[in-house]
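Only one structure is covered here, and it is reproduced in the block below.
Fair warning: this is a prediction, and the values are worked out from it, not measured in the lab. The chain is numbered in sequence order, starting from 1. Just follow the structure's listing: the first ligand is 1, and inside any ligand the first atom is 1.
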Amino acid sequence: MDDKMQATPRAARDAMSALARQRVEYDDVDLELPADTPHGIFTRWYEEAGEALGEPNAMVVATDDDAGPAARIVLLKGFDARGFVFYTNYLSAKGRQIAAHPLVALVFPWHDMQRQVRVRGVATQVSGRESDDYFALRPRGSQIGAAASEQSQPIRGRGEFDARVQDLEARWADQEVPRPPHWGGYRVQPYEIEFWQGRLNRMHDRFLLTSRDGRPAPLDDASAWSAVRLQP
Ligand SMILES: Cc1cc2nc3c(=O)[nH]c(=O)nc-3n(C[C@H](O)[C@H](O)[C@H](O)COP(=O)(O)O)c2cc1C
């Protein structure tokens, strides 16, 4: 043991050892190679996640730039044969990263049900019309918040942001809040999706569905995808 380790307080060492020993055993389930399209499998898993989890649409989106990868949670707001849609500020850190590097990864961390879905795909902005339709569905407070926030930019204090919100509330007091042009959706069109099912003794089942030509393909077209089982 080196000097540094000896200097580690006993309580800290006990905590580290407790962390190393922390272990949840997964259930004894088996998955077969799915005879369904990526759209069909994700739809079923999403329904099952909805029954088990509070916010199954919370997903991690990973982007990157010259400084390295970056990941954060966003909410899934649309899913169909074209892909996965989330909404954000196009001028945020993630928006700028996607503009420069449109390849992104998604993770649905459904570990409370011993599952995970991973996606690699190409992110493109949805149409202005699609963003308008979703923006109109949002509660007014969220619309004002989207308009007030220069997401990912520093701000001197909470008071400055609150004042901006009050200004916008006054400006649009008797009108609908217009969607800011820099706020809208991205659709992630997958070329890879992995379905992961935890199993006893960490012998997990993993199925990787890959688009046959390596490019984004319709998720409901079985002929465009091939599936393999991966080792845990
Ligand atoms: C549960 C949860 C849901 C979130 N949903 C969104 C979302 O749908 N859109 C969004 O822009 N940020 C969302 N956020 C905030 C992001 O994680 C992140 O802080 C923000 O988008 C700024 O990221 P960026 O600076 O990398 O662009 C959510 C955070 C959490 C914890």
Next item on the list: Please work out which of Val61, Thr88, Val60, Leu75 has its closest non-hydrogen atom nearest to atom 10 (C) of ligand 1.
Entry: Thr88

Notebook entry, point to check: Among Lys94, Arg96, Arg72, whose heavy atom sits nearest atom 21 (O) of ligand 1?
Noted result: Lys94

Item checked: Atom pair CE (Met113) and CZ (Phe108), whose distance is rounded to the nearest 0.5 Å -> 13.0 Å

Notebook entry, point to check: When Ile, Leu, Val, Met, Phe, Trp and Tyr are grouped by side-chain heavy atoms lying under 4.5 Å apart, directly or through other members, which residues fall in the same group as Tyr191?
Noted result: Leu103, Val122

Next item on the list: If the plane angle is over 60° it's perpendicular, under 30° parallel, otherwise tilted; pick one for Phe195 and Trp45.
Entry: perpendicular

Margin query: Suppose I only count heavy atoms of Ala93 and a 4.0 Å limit; which atoms of ligand 1 are within that range?
Written below: 24 (P), 25 (O), 26 (O), 27 (O)

Item checked: Between Arg21 and Ser17, a side-chain donor and acceptor under 3.5 Å -> yes

Next item on the list: Could you list which atoms of ligand 1 come closer than 4.0 Å to a heavy atom of Ser92?
Entry: 27 (O)

Note to self: Closer than 4.0 Å and a protein heavy atom, does any atom meet both conditions relative to atom 19 (O) of ligand 1?
What the structure shows: no

Next item on the list: Return the option from Ile73, Asn89, Leu76 holding the heavy atom at the smallest distance from atom 29 (C) of ligand 1.
Entry: Ile73

Check: Taking the minimum heavy-atom distance to atom 6 (C) of ligand 1, which of Asn57, Ile98, Val74 ranks first?
Finding: Val74

Notebook entry, point to check: What do we get for Gln151 next to ligand 1 when only non-hydrogen atoms under 4.0 Å count, side chain, backbone, both or neither?
Noted result: side chain

Next item on the list: Please determine if Asp167 and Arg171 form a salt bridge, counting it only when a charged side-chain N lies under 4.0 Å from a carboxylate O.
Entry: no

Item checked: For Ser152, atoms of ligand 1 separated by under 4.0 Å from a heavy atom -> 24 (P), 25 (O), 27 (O)

Next item on the list: Can you label the angle between the Phe42 ring and the Phe84 ring as parallel, tilted or perpendicular, going by 30° and 60°?
Entry: perpendicular

Next item on the list: Give the numbers and elements of all ligand 1 atoms closer than 4.0 Å to a heavy atom of Tyr87.
Entry: 7 (C), 8 (O), 9 (N), 10 (C), 11 (O)

Margin query: Rounded to the nearest 0.5 Å, what separates atom CG in Asp65 from atom CZ in Arg96?
Written below: 11.5 Å

